[in-house]
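What follows is a single structure, written as structure tokens, with notes after it.
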Amino acid sequence: MRMNGKRTSRRHFLKTAIAAGASTALRQAPAVAQGTSRVVVVGGGFAGSTCARALKRLDAKLQVTMVEASPTFTACPLSNAVIAGLRELKAQQFTYEGVAGDEVKLVVATAIAIDSQARTVALDSGETLSYNRLVLAPGIDIRWDALPGYDEAAANRMPHAWKAGEQTTLLRRQLEAMEDGGLVVISVPANPFRCPPGPYERASLIAYYLSTRKPRSKLIVLDSKDVFSKQRLFQNGWKELYPGLLEWVSLSSGGKVTSVDPTTNTLVTDFAKHEAKVANVIPPQKAGRIAERAGVADQTGWCAIDPVTFESRLQPNIHVIGDAAIAGGMPKSAFAANAQAKVCAAAVVKLLRGETPVSPKLINTCYSLVAPDYGISIAGVYHPANGQLAEVPGSGGISQVDAPLAARAGGRGAGRRHSASRTMTRRT
Ligand SMILES: Cc1cc2nc3c(=O)[nH]c(=O)nc-3n(C[C@H](O)[C@H](O)[C@H](O)COP(=O)(O)OP(=O)(O)OC[C@H]3O[C@@H](n4cnc5c(N)ncnc54)[C@H](O)[C@@H]3O)c2cc1C
């Protein structure tokens, strides 16, 4: 449904919410009085790095230590363009100089155990860090036990490429090595998982690659769902750009993959076996494993949190942000991780002062590429409601569904996120 007559006010609302949301949380939080409070942040991705820097900006006297397993961060956003040969992996990689420049102490190590009573974090280097408050931002881990046949060895043959890095390069190389006329199959898990529109952006960009380089090939997307993020926008784009090349098989049409066989590169559903030349298996996921070890992950594998402070529902003084958290209506995205990190930092500072954190508003926006010059978007505003983060009624929307092709292009090539659709459509 088009939002005739409501576009200006919706844009205005979003702008106001951005100004009044996560960023005001930063401005409003007062400085911490006691200068020796220690906050440890585990994970230096979108959530962890943002939180560590925000904590330091809110109070320079806080001792903030960020523990990150890798000296280089490889970002997932835009990694689908790497798979399609539109961008190099190097462009996805970042060092931590900026974080260190903000006087956050960076420790390159893996956190292996947390003692929530003693408030300590044990590292694989042998060091132990103590904290007043701990922020966990470990992202996701793959559930290696969830899809029969899919284990770490299978991922070398059937890459997931859901953590950017070697897996991204592996999938790209497999596509490059495939002869024209080959079958590519992507399997998509049930919710929740990292980046709800990500599999469909990947399907789009792989379809783009095939249509321009190997046009006799076929791409099948086997889905464990009947509905997905930005569905009408993606499907309209596929019809327009990749007719006959890309086939999406929904859950109710038998799309759920029940097992895989890496020896033959086969994906099995209740109705068919698909022997692929290239198989991209996006498996079920859970919070990064340190969350389990800290006792903050529940039986779902994810971490329940208080929506105002992001403090764990299971362990006091431990906060969980980013993909690892159960953030209600908020999707698991880098944008959401960034917003949550700022809100969490403001809450941690308040709590260390014995003050009451302010109820926040958080934004998520996500752009996807259907082709290098064809971008679509989704946005939403979220707030605490009934103990969860819920979308503010009427706040969000997607790109205009019936926009002309020219409106989808906003920049040059896949290296940019497009401001493709400046008008929004309600998500119905
Ligand atoms: C293909 C793809 C495309 C995407 N595109 C977009 C997009 O366009 N826009 C968008 O907003 N989002 C996108 N996302 C989602 C986005 O990448 C994630 O939501 C985001 O990375 C979550 O941030 P995070 O900080 O929670 O986790 P991460 O970014 O994964 O960071 C977690 C960090 O924690 C570290 N870590 C984990 N455990 C430990 C430990 N025990 N000790 C020390 N360090 C540890 C890891 O090394 C890692 O650096 C995409 C995802 C994928 C897969």
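In listed order, ligands and their atoms are each counted from 1. Nothing here was measured: the structure is a model prediction, and the numbers come from that model.
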Candidates Leu55, Val348, Val104 - the one meeting side-chain contact (heavy atoms from CB on, under 4.5 Å) with Leu62: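 The side-chain contact (heavy atoms from CB on, under 4.5 Å) with Leu62 is passed solely by Leu55 among Leu55, Val348, Val104.
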Heavy atoms only, cut-off 4.0 Å: how does Ala161 contact ligand 1, side chain, backbone, both, or neither?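 The answer is neither; Ala161 stays 4.0 Å or more away.
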Location of contacts on Asp323 toward ligand 1, heavy atoms closer than 4.0 Å: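 It is both parts that get close, each with some atom under 4.0 Å.
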Within the 4.0 Å heavy-atom shell around [X], which atoms of ligand 1 are there?
X: Ile290; result: 41 (N)
X: Asn80; result: 1 (C)
X: Val42; result: 40 (C), 42 (N)
X: Lys332; result: 19 (O)
X: Gly322; result: 26 (O)
X: Phe73; result: 29 (O), 49 (O)
X: Arg202; result: 1 (C)
X: Val67; result: 43 (C), 44 (N)

When you check the side-chain N and O atoms of Asn338 and Gln340, is any donor under 3.5 Å from an acceptor?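 The criterion, which ignores hydrogens and geometry beyond distance, is not satisfied for Gln340 and Asn338.
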Between Thr120 and Ser130, do the side chains contain an N or O donor and an N or O acceptor separated by less than 3.5 Å?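 Not at all, the side chains of Thr120 and Ser130 share no donor-acceptor pair under 3.5 Å.
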Quick one: does [X] get a heavy atom under 4.0 Å from ligand 1?
X: Ala137; answer: yes
X: Ala336; answer: no
X: Ser79; answer: yes
X: Pro77; answer: yes

Working to the nearest 0.5 angstrom, can you tell me the gap between Asp180 CG and Arg213 CZ?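 Separation between the atoms: 12.0 Å.
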For His160 and Trp162, indicate whether the former's side chain and the latter's backbone hold a donor-acceptor pair under 3.5 Å.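 Between the backbone of Trp162 and the side chain of His160 there is a qualifying donor-acceptor contact (under 3.5 Å).
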Are the side chain of Ser37 and the backbone N or O of Leu352 linked by a donor-acceptor pair below 3.5 Å?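 Flag not set: sc Ser37 to bb Leu352 has no pair under 3.5 Å.
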Any chance the rings of Tyr200 and Trp248 have centres within less than 6.0 Å?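 Distance test on ring centres: not under 6.0 Å, no.
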For Tyr150, ring pair (Phe, Tyr, Trp, His ring centres under 6.0 Å) partners two or more places apart: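 Once residues adjacent in sequence are excluded, the partners of Tyr150 under the ring pair (Phe, Tyr, Trp, His ring centres under 6.0 Å) criterion are Trp144.
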With a 4.5 Å heavy-atom cut-off, do Asn132 and Asn317 have their side chains touching?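 No, side chains not in contact.
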Any side-chain heavy-atom pair of Glu176 and Tyr209 under 4.5 Å: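 Glu176 reaches Tyr209 side chain to side chain.
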Run down the list [options] and name the one with the heavy atom closest to [atom].
atom: atom 28 (P) of ligand 1; options: Arg194, Gln340, Lys163; answer: Arg194
atom: atom 51 (C) of ligand 1; options: Cys76, Gly45, Ser333; answer: Cys76
atom: atom 4 (C) of ligand 1; options: Gly139, Gly198, Cys195; answer: Cys195

Using distance alone, decide if ligand 1 has a nitrogen or oxygen within less than 3.5 Å of any nitrogen or oxygen in Phe46.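 N/O-N/O distance below 3.5 Å exists for this pair.
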Indicate yes or no: does an N/O atom of Leu78 lie under 3.5 Å from an N/O atom of ligand 1?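 No.
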With Ala291 via side-chain contact (heavy atoms from CB on, under 4.5 Å) - residues at least two apart: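 In terms of side-chain contact (heavy atoms from CB on, under 4.5 Å), with neighbours along the sequence ignored, Ala291 is linked to Ala287, Val296, Ala297, Cys303.
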Hey, is Arg172 close enough to Glu88 for a salt bridge, meaning N to O under 4.0 Å?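 Glu88 and Arg172: salt-bridged.
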